[in-house]
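Just below is one structure, and these are the notes that go with it.
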Amino acid sequence: MACHPRSKEASVQPDVSFVIAAYNAAATLDRAIVSAMAQRDVSVEIIVVDDQSRDNTLDVARAYPQDTVRVVALPANRGPGGARNAGLELASGRWVAVLDSDDAVLPGRLSAMIARAEKAGAVIAVDNLQVVREDGVAEATMFPAEYLEGLREITLADYIAGNIVFESTFNLGYLKPIFQRRFLTENGLRYDENLSIGEDYILLANALAKGGKCVVEPTTGYIYHIRTGSISRVLELHHVEAMRKADAVFAETNSMDAAAAAAFARRARSLRKAASFLSLVQHIKARSPLKAIRTALSDPAAVRHMSMPIAVRLRRVAAQFAVGTGR
């Protein structure tokens, strides 16, 4: 039987605070809220933070009773990290679970994750994700079940190694962790509001670096909906540069063991190559062959990231430039 969210008057601390940051999410927000309400064997509070939506997202959220869904309308757009931080500041649950406004969770997800975390004395837990296409067709899970079963626990080195841009076999940045709220508060952990891609990665990395133990619940509990045009599906140069800055701050403020440091160095190289690659593509699209050629020459490794059609296009643009100058 589903557990009802607590009322505001209730004095008992909820097991879980769901934080749902919403921006122009009117078409999908109901699905996220209803799935959070349907959690079994745990008490929940649901906080929806509207990040200055231009559609009727606020109306959708406010259609629920206030003692079921607490709605916060931000006075200015703060991006995904800022909206989630606003929700975290209001959360009162023992655990916090971030739920994207276009996704959903299965009814037994939180009870399974919390049980596994508390048995292991962990303050973080992750599980598998079911991928659903925009047409509603369910694809394979994000990670093979045997892979997660083999992990059992994720260390800082594991996590960084699973976030090597263009190289990681399984991108652990897609994981949707739940955190013990007290651990986040005591360590001053919040989302980096300068990031619009990679904010999930850097929060979990910081939590692991602060000594947070992360266990793996290998079952599937999170429903990840692919949406055309979603910001997480479009990687641009400014995103990578922001990630590099965040990583630099991470390195300055945290200590890493040898394994984590080695993985961090690999990630740093991958971000540099990714920046060069995206700069190269940007120059091609802008019809700036000289800049494209200079970028390719300055970082030949970036060219290896290019798919054949783009590589062919680069050669053609370079050839056209040579002909145009009489070479």
Residues forming a salt bridge (charged side-chain N to carboxylate O under 4.0 Å, His left out) with Glu153, sequence neighbours excluded: none
Hey, any chance Ile178 and Val215 share a hydrophobic cluster, counting ILVMFWY side chains that come within less than 4.5 Å of each other, even indirectly? no
Sequence neighbours excluded, every pair satisfying ring-ring contact (aromatic ring centres under 6.0 Å, His included) that has a member inside residues 103-139: none
Please walk me through it: do Trp95 and Arg181 pass side-chain contact (heavy atoms from CB on, under 4.5 Å)? CA-CA 5 Å; Trp95 292 82; Arg181 187 176 61 86; over 6 Å; no
In the single-linkage hydrophobic clustering (I, L, V, M, F, W, Y; side-chain heavy atoms under 4.5 Å), do Ile197 and Tyr191 co-cluster? yes
Test item: Thr28 and His225 side chains (from C-beta on) under 4.5 Å apart, heavy atoms: no
If I compare all heavy atoms of Gly121 with all of Lys213, which pair ends up nearest, and what's the gap? O-CD, 4.2 Å
Kindly compute the distance separating OG1 (Thr185) from CZ (Phe179), expressed to the nearest 0.5 Å. 12.0 Å
For Ala21 and Pro80, work out which heavy atoms get closest and say how close. CB-O, 4.4 Å
pair Leu189-Leu203: side-chain heavy atoms closer than 4.5 Å: yes
Keeping Ser43 on the side-chain end and Pro14 on the backbone end, is there a donor-acceptor pair under 3.5 Å? no
Let me check something: do Val49 and Val69 share a hydrophobic cluster, defined by ILVMFWY side-chain heavy atoms less than 4.5 Å apart, either directly or through other members? no
How close do Ser101 and Ala32 get, counting heavy atoms only, and between which atoms? O-CB, 3.8 Å
Could you go through the side-chain contact (heavy atoms from CB on, under 4.5 Å) check for Leu74 and Asp50 one step at a time? CA-CA 6 Å; Leu74 295 182; Asp50 179 71; over 6 Å; no
Mind checking what makes ring-ring contact (aromatic ring centres under 6.0 Å, His included) contact with Tyr159, not counting sequence neighbours? Tyr201
The criterion is salt bridge (charged side-chain N to carboxylate O under 4.0 Å, His left out); which residues satisfy it with Lys210, sequence neighbours excluded? none
For the side chain of Asn56 and the backbone of Asp59, is there at least one donor-acceptor N/O pair under 3.5 Å apart? no
Quick one: salt bridge (charged side-chain N to carboxylate O under 4.0 Å, His left out) partners of Asp200, sequence neighbours excluded? Arg84
Ignoring hydrogens, what is the shortest heavy-atom contact between Val48 and Ala22? Give both atom names and the distance. CG1-CB, 4.3 Å
Would you say Thr57 and Leu29 make side-chain contact, with heavy atoms under 4.5 Å? yes
Does Val71 reach the side chain of Leu58, with side-chain heavy atoms less than 4.5 Å apart? yes
Do the non-hydrogen side-chain atoms of Gln180 and Val96 ever get within less than 4.5 Å of each other? no
Answer yes or no: is there a side-chain heavy-atom contact under 4.5 Å between Ile46 and Tyr64? no
Looking at Asp51 and Arg78, does any basic side-chain N land under 4.0 Å from a carboxylate oxygen? no
In chain order, what residues pass the side chain to side chain donor-acceptor pair (under 3.5 Å) check against Arg94, with sequence neighbours excluded? Asp15, Glu118
With a 4.5 Å cut-off on side-chain heavy-atom distances among I, L, V, M, F, W and Y, is there a chain of contacts connecting Leu99 to Ile223? no
Closest non-hydrogen atom pair, Ala104 against Arg31: CB-CG, 4.1 Å
Using 0.5 Å steps for rounding, measure from the CE atom of Met37 to the OG1 atom of Thr68. 5.5 Å
Qualifying residue for side-chain contact (heavy atoms from CB on, under 4.5 Å) with Asn206, from Leu204, Leu208, Ile202: Ile202
Any donor and acceptor pair, going by atom type alone, linking the side chain of Gln130 with main-chain N or O of Tyr222 inside 3.5 Å? no
N/O donor to acceptor pairs below 3.5 angstrom from side-chain atoms of residues 244-252, sequence neighbours left out:
{"residue": "Asp247", "atom": "OD1", "partner": "Arg267", "partner atom": "NH2", "Å": "3.4"}
{"residue": "Asp247", "atom": "OD2", "partner": "Arg267", "partner atom": "NE", "Å": "2.6"}

Is it true that a side-chain atom of Asn163 and a backbone atom of Gly173 form a donor plus acceptor pair closer than 3.5 Å? yes
Suppose we screen for side chain to side chain donor-acceptor pair (under 3.5 Å). Which residues come up paired with Asn24, at least two apart in sequence or across chains? none
Thr155: what forms a side chain to side chain donor-acceptor pair (under 3.5 Å) with it, not counting sequence neighbours? Asp158
Quick check: does any side chain N or O of Ser35 sit under 3.5 Å from a backbone N or O of Val105, one acting as donor and the other as acceptor? yes
Report yes if some heavy atom in the side chain of Ile47 is under 4.5 Å from a heavy atom in the side chain of Ile20; otherwise report no. no
Name each donor-acceptor pair under 3.5 Å that joins a side chain in residues 136-148 to protein atoms two or more places apart or in another chain, with its distance.
{"residue": "Thr141", "atom": "OG1", "partner": "Phe143", "partner atom": "O", "Å": "2.9"}

Run the salt-bridge test on Lys176 and Asp100 with the 4.0 Å N-O cut-off and return the result as yes or no. yes
Between Glu45 and Arg70, does any side-chain N to carboxylate O distance fall below 4.0 Å? no
Quick check for you: to the nearest 0.5 Å, what is the distance between Asn128 atom CG and Thr219 atom OG1? 8.0 Å
What pairs with Asp103 under salt bridge (charged side-chain N to carboxylate O under 4.0 Å, His left out), at least two apart in sequence or on another chain? none
Check whether any side-chain heavy atom of Cys214 lies under 4.5 Å from a side-chain heavy atom of Val126, and answer yes or no. yes
Show the numbers, then the answer: is there a side-chain contact (heavy atoms from CB on, under 4.5 Å) between Leu156 and Met256? CA-CA 8 Å; Leu156 178 60; Met256 293 178 272; 4.0 Å; yes
Determine, stepwise, if the pair Glu89 / Arg190 fulfils side-chain contact (heavy atoms from CB on, under 4.5 Å). CA-CA 9 Å; Glu89 292 302 321; Arg190 288 296 184 264; 2.8 Å; yes
Side-chain donor-acceptor pair under 3.5 Å between Ser111 and Gln39, yes or no? no
Spacing of Leu90 atom CG and Asn85 atom CG [to the nearest 0.5 Å]: 11.0 Å
Could you tell me which residues satisfy side chain to side chain donor-acceptor pair (under 3.5 Å) with Arg269, sequence neighbours excluded, listed by chain and number? none
Pick from Arg152, Arg109, Arg116: which one makes a salt bridge (charged side-chain N to carboxylate O under 4.0 Å, His left out) with Glu217? Arg116
Cluster check Phe264, Leu172: I/L/V/M/F/W/Y, side chain < 4.5 angstrom: yes
Pro177 to Ile124 - nearest heavy-atom pair and separation: CB-CG2, 3.9 Å
